[in-house]
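Below: the structure, in C-alpha cells.
Atoms within a ligand are numbered from 1 in the order they appear, just like the ligands themselves.
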Amino acid sequence: MIKLHDKHFKPFLSEEQIQAAVKKIALEIAEDYRDETPIFVGVLNGAFMFVSDLMKHYPHDCEVSFVKLSSYQGLTSTGIVETLLDVSEDIEGRSVIIVEDIIDTGRTLQQLVHLFSDTNVKEFKIASLFYKSEIYNGEYTIDYVGIEIPSKFIVGYGLDYNELGRNLKEVYQLNPSHMINLVLFGKPGAGKGTQAGFLKDKYNLKHISTGDVFRFNMKNDTELGKLAKSYIDRGDLVPDEVTIKMLQDEVEKNPDAAGFIFDGFPRTTAQAEALDNFLESKDMKVDATIALEADDEVLTQRLLERGKESGRSDDQDVDKIRNRFDEYNEKTAPLKDFYSAQGKFHSVNGIGDIAEITGRLSKVIDNL
Ligand code: IMP
Ligand code: MG
C-alpha cells in the first residue's frame, strides 16, 4: 500500500506485467510496419515512460515525437481538451502511431484524432498501454492495446494523481477505503461479541464493544464506570456524550488499526449521526452496517444461559431482557433506514453454526 497526497493505493500491476505488455505492443507494431519507418507520437505527460520503453523494445527504424494535451473541466459542460504542443515533424504521407498511456472515456483521443484530421498522413493508428474498455465510448478502434483494465483510477508508470506517482515502476490502484469500519448490530444475545471476535482476527480490526468497555470501567470503579452503571443496571442506555467520548478514546488509542468494529454503538439515529461526524473528522467512515438477525425466543434463551455463566445482572431477568428488546425495536430499528439510505445496510441470518455465521458475515465484508 502506498499513499499519494491524501489517497491510498494498492499494488495492481507488477513491473514484469507492464514490461510484457509494452513488449507485446512493440512486436505487434513491428510486425505491421516492417517495411516502413513509422512516427510514434507520444501523448504527454503520462505516456513518457511507455514511449521510452516501447522504443527500447522496437526492433526496426522508427521516429518519435510528442504532443501535450490538457483536459480542462468546468469550462464547458462537455469539457475541452487544448493542444499545448503540436507535432513538429513533417508527417505528410507518413504512418503515425499515437502512443497513449491510458484511454478512459476517449475524450482526449477524440481531440487527437481531430488534430490529425487536417494533415495528410498516410495512416493513423492508436496504441494505448492501458485501456478502460468498460468506460470508453469513443468511435475509434484502439489498434494496439497493452492491458484492458477495470474503470478504476490507477497511478504509476507515467500516470499520476495530482502529479505524484509518475515515477513508480509498478502500477497501483486507488483504494478508497483502506480501512474497514463496521457497525455490528442486533438484539442482545444475537452473537455480536462472538462474531466480532472472529472478524477482528480475520481482518485485523479493532473490536470496540461499548458494553465491554463500560463493564471494564464499572469493574474498576472508574468515574465513567460509576456513571455507566447507574444506567445499565436499570436496563437503560448510557447518554450519548459519555459513549462518544469513550469511542473517541478507543479509536485514538489504536492509530494503526486496519479498521474498527463498533459493537453496541450506535443504537439510535442520533448516535449514528454523531458517529458519522466523529469519523469524518478523522477522515474515516462507516463502510458497512451488519445486522445479525434472530428471533426473540432464541435470543431470550441464549441470554439467560449467558447470565447464568457470567453473572451479568441484565442477562438474568426476563423483564430486563424484554426491556432491552423493546428499546432495540423502538430506537435501533430506525438505524436500518438510516444506513439503508446510505447503501450500507446488510442483514445476516444469526441463527446457525458459529462458523457458518462468520462465513455469512465474511461474505458481506469481502464484497465491500
Ligand atoms: P480520457 O480522455 O477520458 O480517455 O482520459 C484520458 C486521460 O485521463 C489520460 O491521458 C490521463 O491523463 C487521465 N486518466 C484517465 N484515467 C486515469 C487513471 O486511472 N489514472 C491517471 N490518469 C488517468
Ligand atoms: Mg494522458
Self-check item: Quiz item: cation-pi between Arg267 and Phe265, 6.0 Å / 45°
Solution: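 So Arg267 doesn't make the cation-pi contact.
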
Quiz item: Between the side chains of Glu293 and Ser347, does any donor sit under 3.5 Å from an acceptor?
Solution: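 The criterion, which ignores hydrogens and geometry beyond distance, is satisfied for Ser347 and Glu293.
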
Practice problem: Verify the distance criterion only: is there a donor paired with an acceptor across the side chains of Glu223 and Asn217 at less than 3.5 Å? | Solution: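 Distance-only check fails for Glu223 and Asn217.
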
Among the heavy atoms of [X], does any lie under 4.0 Å from an atom of ligand 1?
X	answer
Val43	no
Gly46	no
Lys132	yes
Val155	no

Quiz prompt | Qualifying ring pair (Phe, Tyr, Trp, His ring centres under 6.0 Å) pairs, either residue in residues 334-368, two or more places apart | solution =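 Counting only pairs at least two positions apart or across chains, the ring pair (Phe, Tyr, Trp, His ring centres under 6.0 Å) contacts touching residues 334-368 are Phe185-Phe345.
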
Show which atoms of ligand 1 fall inside a sub-4.0 Å distance from at least one heavy-atom site of [X].
X	value
Asp101	10 (O)
Asp160	21 (C)
Thr108	1 (P), 2 (O), 5 (O), 6 (C), 7 (C)
Arg107	1 (P), 2 (O), 4 (O)

Practice problem: From the options Leu44, Thr105, Leu159, Ile154, select the one whose nearest heavy atom is closest to atom 20 (N) of ligand 1. | Solution: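 Selected option, by shortest heavy-atom distance: Ile154.
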
Self-check item: NZ/NE/NH1/NH2 to OD/OE distance under 4.0 Å, Asp221 and Lys219
Solution: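 No salt bridge links Asp221 with Lys219.
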
Self-check item: Option from Leu27, Val22, Ile29 for which side-chain contact (heavy atoms from CB on, under 4.5 Å) with Ile25 holds
Solution: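 That would be Ile29; it is the only one of Leu27, Val22, Ile29 passing the side-chain contact (heavy atoms from CB on, under 4.5 Å) with Ile25.
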
Exercise. Describe, in one word, how the ring planes of Phe262 and Phe260 are oriented to each other, choosing from parallel (under 30°), tilted (30 to 60°) and perpendicular (over 60°).
Key: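 Phe262 vs Phe260 ring planes: parallel.
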
